[in-house]
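Contents: one structure, followed by commentary.
To find a chain, count down the sequence lines: A is the first, B the second, and so on, and within it residues start at 1.
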Amino acid sequence: MAKQQIYQQRVLKLSSEYILWNKKDVHITLQEARDDQKLIPLFDSNAIRMIDIINEFHRDIACEEMDKLKQELKEIRRKPKSHENKKRISEIYKAMDDIQCKMDYVTVVFKSKEDFDELNKGFKVNGIEYHRLIGTPNGVKKSTIIYCAVKNKYDKFMYQELSRRLNNNRDETKELVPAKFEAHKALACSASTPVSTPNGVLVVDDLIVHFKDKIIYLNDEDTDEPVMKEIDNADVELNICDGGGLMMPSLASRWSEEMHVNYLMGACCLRNSFCKGVVSTFDFQAFGREVAHCDTVTDVWGNVYNINNIELILTTSMLKLWDSYSSIEDYLNKCVNNDFTFSITKVYPNELEEERNLNYQFIQSYNLSDEDIMHLISPTVSEIKDVLGGNYYKTLLFMKGSVDENYNGAEDDNVIKSLMIAPELLQDTYIINRIHNMINKKIDDAKIGTLKIKGNYCVVIGDPYALCQHIFNMDVSDDKLGLLKAGEIYNKHWNDKQVNQVVCFRAPMSCHNNIRKMEIVSSDEMSYWYQYLPAVNILNCHDTLCMAENGMDTDGDCLITTNNKILLNNARELPAIMCIQRKAKKKIITEEELIRANKNSFGDAIGSTTNKITAMFDIQALFSPDSKEYKELAYRIICGQLYQQNAIDATKGIIAKPMPKTWYNNQCNKILDTDSEDIVAKKKFYQRIVADKKPYFMNYIYPQQMAKYQKYIKNANVQCISLFGISISDLLKKSDKTDDERNFTEWYYNNCPVTDNNCVMNRLCHAVEKEFDGYVTDLKSDSEFDYTIMKSGVEYKENIKQQICEIYKQYLSEYQQYVISSKQARTDSDEIAIFKAVLIENYRRKCTNICPNEVELCDVVLDICYSKTSSKKFAWDMCGEQIVKNLLSYKDNKYTFCIRDDSGDIEYAGKRYKAVTKTLEVK
Amino acid sequence: MNEYTYAENLLNKQDLKACDLGDKPSSTLNLLARYYREIGKNDDEIKELLSDFLNRCLKDKYKESKWIDSIFYQVVKSKKYTLKKVDNVIVTKSEMEIIQSVKGKSRQKVLFTLLILAKYYNTVSDKNKNWTNLEYKKIFKLANVQLSIQNQALLINDLYNCGFVNVSKNVGKPNIQVNFVDNESDAVLTIARLKDLGKEYLMFCGEDYIRCQKCGVPIKKSRNGKVKYCGKCAKMIDREKAKIRMGNIRK
């Protein structure tokens, strides 16, 4: 992926509680915001670029200024410390803040919908009033809304102007679905890098293909529980380029250069006003010449163009509001007037990875034997076991993996770099703990199905050949469209490996019908036409793969494909599921409608729906496949896809039914005195198959559930001893139980907060547990570890150490508090990474303000952290780079890494490697 | 024992310190939130009063923004339970005779503790029928009996087999019911706080215990008879004395 090409920008992130606590008039300085983790980094987007333009803020000058400030800071940190230097550093930080912080743009996290209503009446931050601007789809799921300054400190009416521009002079009399419109408008807030305007843009209709196939149809409109119908020859309609378009190789080449990628991009994810999707590189001009024998094409407005004057083809599913404009020229002119540009959010790689991790959703629907499970876990298990031996090279491979011979470690983490320089660091308790944490994390991940397999995760596109046949209006029947036939995909990576069949997965998935086996095909014609697409999955336009993969489209969706024998051989071929489609009502867009749409989208019910389905798999494992219970659960699992769909629909304002409570809440199956015999029988049946608990393996996903489970086991054990004088494990083994003991055993299982039946994932989890039960690593700390090898050896004053020590204590307390709260709240890894980055930067600033000289600072923090047994993380976070420099100078700039070599003497995870030692060229 | 009095005493303290927040600041905040609700304060007032209390305890170190979540949470939670207002628990003669009939001091101390707890919960809730739902770890700490969790359960098993207690059969909830509560008999002992109940029992049995002259907890009588305070109070008194001493020197 291309890197952001501008300095990092920052915005305020406030909680609704905090604003309301301050009676909707918040006064906060940047330092206070930074200390309270309320100043978060924000990637560059069209909306942010517009704010700069409205403020007449010259980015190019700002970039130069930032570079100068960073350089000056670097130089000062090398100089001996002085009062002047300290003063200058404060000035530099202030100047950087002025450039980086965008105070016109504030994100607010809402605790409740009532808070949202209250703040929409208006609130102030540092005297500036804010107005709701937009809710992005990912933001509203986390109840986060973006607000904009009504009138900013430069006297600009920012909200009014930005809101006007985001609407891009669309035809406002057109009725639209508010939630969809909000999502389309929010595309301007996607992290993106601007690129040059293509020479000629064409908008064409989507390619809709019709064919017949066997499907399962689910409809819950007229009944409490969905009606499931298997239809053999159903009419299927497929939009083969839903969110996909094409670009000429010339454009791809120009954009590759602008995005600083050193290859010709095969596909990229594009943004513009109300425009989103993946464009793939395809020579449609050559197609016109060689296949269609035509050079004119008609766009969606009926205007005719010469294909040789077109560089980019968008489909109507990409340009969401195409019918709000009179022509492509009208749209592009309005984009220019409102400072919208084409921008790229992601450039897809030109090579695919060799290995990929599975997740439990992909595994849970398989019928795997214990032997299959052992085969599936063995690569992951052997990799972990290899590192337990404490061997230096294997530890390097575990932490970094294999690299090529030109590796210089520039991008790596400081701990990994240091370990490559000095093997002695394997005696450092900090490094050892870090490795232990990594091993433990890997073991726990394996227990929840994060298993290494040969495979790749790669973007899908519709057959561009078929799209061109459509664009050039060629007379080709639906069944002859494209180069690929039903059941086939094109993937160069697998073709090069001569793999001819793979199995495909896409999350979120719920049942086995979401797993598809596909043939990998190739021909000279394909190699020619798909020559610019070395790392994408090209889909055929004749089968139900997209439908099977839970409504996959081609606007950036990715598939995991693997040729893993266990997964391939055990995959069953099942019909795709088609759920009833509901349409949301179109309305004239008003602020009230958008607020309502935001509120409907607060929270994310998809995860909880998926969890309920996972729980059903474990209950299903209790029954034989012929039983009524098993079949009913199979039906409910299939219906899971409908309920996932309904959860998505609910965010669009569509009234859809949630999963029946009787399926997952046993209270709803309680038999009442007034119930008829039939109802009693039905309720008893439902009680047997209710999925009201999470399966055992999920303990490793939800730490709070694990704590609850462990407490239950502990309590049940003391209770068992108190009642019967024997432990619970002895009681369970006991053959001649008394009535009381039998009763206790039965309730022990009934009351357990998780189900531990024999579903595939629970068996897999236990298999991994067994492999690492009581594992001990040979990595042991050596009390003699001499940390002075990491020091520079300069002298410093004791009062500096005392001041830094205070900062160290604050850092530890703040970090520990966050670790606890983020575990409880199951904060996602991206958010944790942002927190860490902000925390480290803030404390680096604090340290630099006390001791501007980085060499001296390094020695101070090392003495603080390493002379005691307390945390050493602070030293690595504050002075990691200096530690690396010191170690390099101690080791004559030599460092070691491992590369793949079939005749190498290091064997790790079933492959051979050799160690290479190099000397770093110091400029 | 009496949460209302405890909250009042805490708020009336002149010079509040960080340690007054206790080991679990969230529990202290919850107690105060319930207290304020009981005396008729509304949500907004409770929020401000809790913030004010934290400010008094933490002084310069108090950062409002760090505590907002916790304050909001406790304000909502405070609606769930009212304050426990139990002044004391009375042990009767027949109850004490049963306890003293049990073999072994540890068993006696634990049984005494269970009795106090059961009677305490009976007072807190009319629905309670001599049950206690405290964790074993806490029960044994109150009883001043140090045993491994395994042996704690075995001791309870002994008491269960002898018929002094019942153990809940609701798996996962090892609650204990005391079988010999007799409120009709004559009162022989009044317990006013849920602390060091094992020592209270030993003191009642005539063992060599005296009460700390400052806080009133039972402490083992020293050989020379000089010890007047419990460890915690002695430390505090020493610190106060040192403060005065140093103040005098500086003068």
Side-chain angles (χ1 to χ4, degrees), chain A residues 14-23 26-28 32-38 109 111-112 115 708-728 731 739-741 743-753 806 809-810 813-814 817-818 821 824-825, chain B residues 18 25-26 43-44 46-48 50-51 54 58 60-76 110 114 132-140 147-162 164-177:
Chain A
L14 307 173
S15 70
S16 58
E17 283 177 337
Y18 176 74
I19 300 172
L20 289 169
W21 178 273
N22 286 288
K23 301 195 169 56
V26 174
H27 289 274
I28 187 166
E32 283 167 348
R34 196 175 275 118
D35 285 345
D36 291 350
Q37 297 290 323
K38 289 185 169 69
V109 187
K111 203 79 183 174
S112 66
D115 284 6
K708 201 174 161 191
Y709 171 76
Q710 284 172 339
K711 189 176 175 190
Y712 174 78
I713 298 294
K714 195 179 122 194
N715 281 346
N717 190 43
V718 293
Q719 201 171 356
C720 186
I721 300 172
S722 304
L723 281 166
F724 310 113
I726 54 169
S727 70
I728 187 75
L731 180 71
D739 283 350
D740 275 352
E741 287 171 343
N743 210 9
F744 188 89
T745 313
E746 195 185 319
W747 281 106
Y748 169 73
Y749 290 120
N750 284 347
N751 285 1
C752 185
E806 279 307 307
K809 283 178 196 161
Q810 284 171 26
S813 133
E814 203 169 322
Q817 268 177 30
Y818 185 78
S821 62
Q824 280 171 352
Chain B
S26 57
D43 283 5
D44 285 342
I46 297 173
K47 281 172 199 167
E48 283 193 16
L50 290 184
S51 176
L54 286 163
L58 299 171
D60 292 347
K61 287 185 179 166
Y62 176 55
K63 267 188 163 183
E64 202 175 64
S65 57
K66 295 259 173 200
W67 287 90
I68 287 176
D69 281 355
S70 183
I71 291 173
F72 271 75
Y73 178 69
Q74 294 306 343
V75 169
V76 175
V110 171
L114 288 170
T132 170
N133 62 358
L134 217 58
E135 278 178 69
Y136 282 16
K137 197 171 78 180
K138 288 181 183 163
I139 294 171
F140 280 76
L147 284 176
S148 68
I149 187 79
Q150 182 92 1
N151 288 334
Q152 286 175 4
L154 284 169
L155 190 148
I156 298 291
N157 180 248
D158 275 355
L159 298 176
Y160 170 70
N161 287 338
C162 297
F164 296 116
V165 296
N166 276 336
V167 177
S168 160
K169 292 188 174 67
N170 184 358
V171 184
K173 289 180 180 157
N175 303 341
I176 299 169
Q177 187 184 34

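Here B:F72 contributes atom CZ and A:S112 contributes atom OG; the two are 9.5 Å apart, rounded to the nearest 0.5 Å. Summarising the geometry, atom CD belonging to B:E64 is positioned 11.0 Å from atom CD belonging to A:E32; distances are rounded to the nearest 0.5 Å.
Across every non-hydrogen atom of B:N157 and A:F724, the tightest pair is ND2-N, 3.8 Å. Nearest heavy atoms, A:V718 versus B:A153: O-CB, 3.7 Å. Across all non-hydrogen atoms, the minimal contact from B:K66 to A:D35 is NZ-O, 3.6 Å. Minimum interatomic distance between B:Y160 and A:S722 (heavy atoms only, all atoms of both residues): CD2-O, 3.6 Å.
Both the backbone and the side chain of B:K47 come within contact range of chain A, with heavy atoms under 4.5 Å apart. The part of A:E814 that comes within reach of chain B is its side chain, from C-beta onward, which places non-hydrogen atoms under 4.5 angstrom from that chain. Residue contact with chain A, scored on non-hydrogen atoms closer than 4.5 Å, is absent for B:L159. For B:K63, the part sitting under 4.5 Å from any heavy atom of chain A is the side chain, from C-beta outward, and nothing else. Contacts between B:D69 and chain A at a heavy-atom distance below 4.5 Å involve backbone atoms as well as side-chain atoms. Proximity to chain B is absent for every atom of A:N743, based on heavy atoms less than 4.5 angstrom apart.
A:N715 is not listed as a side-chain neighbour of B:Y136, based on a closest heavy-atom distance of 4.5 Å or more.
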*Going through the distances and angles, do A:K23 and B:E48 end up as a salt bridge (charged side-chain N to carboxylate O under 4.0 Å, His left out)?*
CA-CA 12 Å; A:K23 301 195 169 56; B:E48 283 193 16; 3.3 Å; yes
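Remark: of the listed residues B:L155, B:N151, B:I156, B:L154, B:L154 is the sole one forming a side-chain contact (heavy atoms from CB on, under 4.5 Å) with A:I721.
Panel note: side chain A:N751, backbone B:G172; no donor-acceptor pair is recorded below 3.5 Å. With hydrogens and angles ignored, the 3.5 Å screen pairs a side-chain donor or acceptor of A:Q719 with a backbone N or O of B:N170.
At most 12 heavy atoms of other shown residues, nucleotides or ligands fall within 6.0 angstrom of atom OH in B:Y73.
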